[in-house]
Amino acid sequence: MTAPSETIVDLYERHAATYDRLRGKTLFERAWLDRFLALVPERAALLDIGCGSGEPIARHFLAKGHAVTGIDSAPSLVALCRQRFPQAAWQVWDMRRLALGRRFDGVIAWDSFFHLTAPDQRAMFPIFATHAAAGAALMFTSGPADGEAIGSF
């Protein structure tokens, strides 16, 4: 039996335009994101793991003057980011194998980390650490229980 985390990339890839439209541009998570930004320097280098279409989170970071590197495993979503925000760096990566060879002032995995299995979630912490500069802020969202949190589309 295939774990839901093994099919999530295909799900987002097949429904990229619909996901983007439904996600909307309202920044309901602004308070949390601003708490995160309060922990990083001005003009920080930020790593957005599971950036989706860049809306509205990367837009918020860029508008505040930060440099964003976004990664997502769905090429169609990364293409939307590149089109919308050419001033940022966008790459297609599976977060479980992320190896950018650089460090960031802040690392965020908003609404992406919880798509992983529990063992893969645990394995992400060394990856977060590898990409975090000294004193970097880390923010991620997790599901309501141990393991994967995947809804239906």
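Side-chain atoms are counted along with the backbone in the values below, which use heavy atoms only and exclude waters and symmetry mates. Counting from 1, the numbers follow the sequence of the chain as shown.
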When clusters are formed by joining ILVMFWY residues with side-chain heavy atoms under 4.5 Å apart, either directly or through shared neighbours, do [X] and [Y] land in the same one?
X	Y	answer
Ile49	Leu116	yes
Phe128	Met139	no
Phe36	Leu138	no
Leu47	Trp32	no
Trp93	Leu46	no

[X] side chain to [Y] backbone, donor-acceptor under 3.5 Å:
X	Y	value
Asp94	Ser73	no
Asp105	Ala45	yes
His131	Phe104	no

Provide the closest heavy-atom pair for [X] versus [Y] in the form atom of the first, atom of the second, distance.
X	Y	result
Gly70	Cys51	C-SG, 3.7 Å
Thr141	Asp111	OG1-N, 2.6 Å
Ala88	Val68	CB-O, 3.3 Å
Arg84	Ser53	NH1-O, 3.2 Å
Leu39	Ala137	CB-CB, 3.8 Å
Cys81	Gly54	SG-N, 3.4 Å

Measure centre to centre between the rings of Phe125 and Phe140, then say whether the value is under 6.0 Å.
yes
Below 4.5 Å, heavy atoms only, C-beta onward: do [X] and [Y] meet side chain to side chain?
X	Y	result
Thr69	Leu100	yes
Phe61	Ile108	yes
Pro56	Glu29	yes
Ile127	Met95	no
Ile71	Val92	no

[X] [atom1] to [Y] [atom2] distance, which is reported to the nearest 0.5 Å:
X	Y	atom1	atom2	answer
Lys64	Leu62	NZ	CG	12.5 Å
Thr130	Arg102	OG1	CZ	14.0 Å
Leu37	His66	CG	NE2	4.5 Å

Have Asp34 and His60 got a donor and an acceptor in their side chains that come within less than 3.5 Å?
yes
Assign the ring pair Trp90 / Phe85 to parallel, tilted or perpendicular, where the plane angle (0 to 90°) is split at 30° and 60°.
tilted
[X] atom [atom1], over 12 foreign heavy atoms within 6.0 Å:
X	atom1	answer
Gln91	CD	yes
Arg103	CZ	yes
Glu42	CD	no

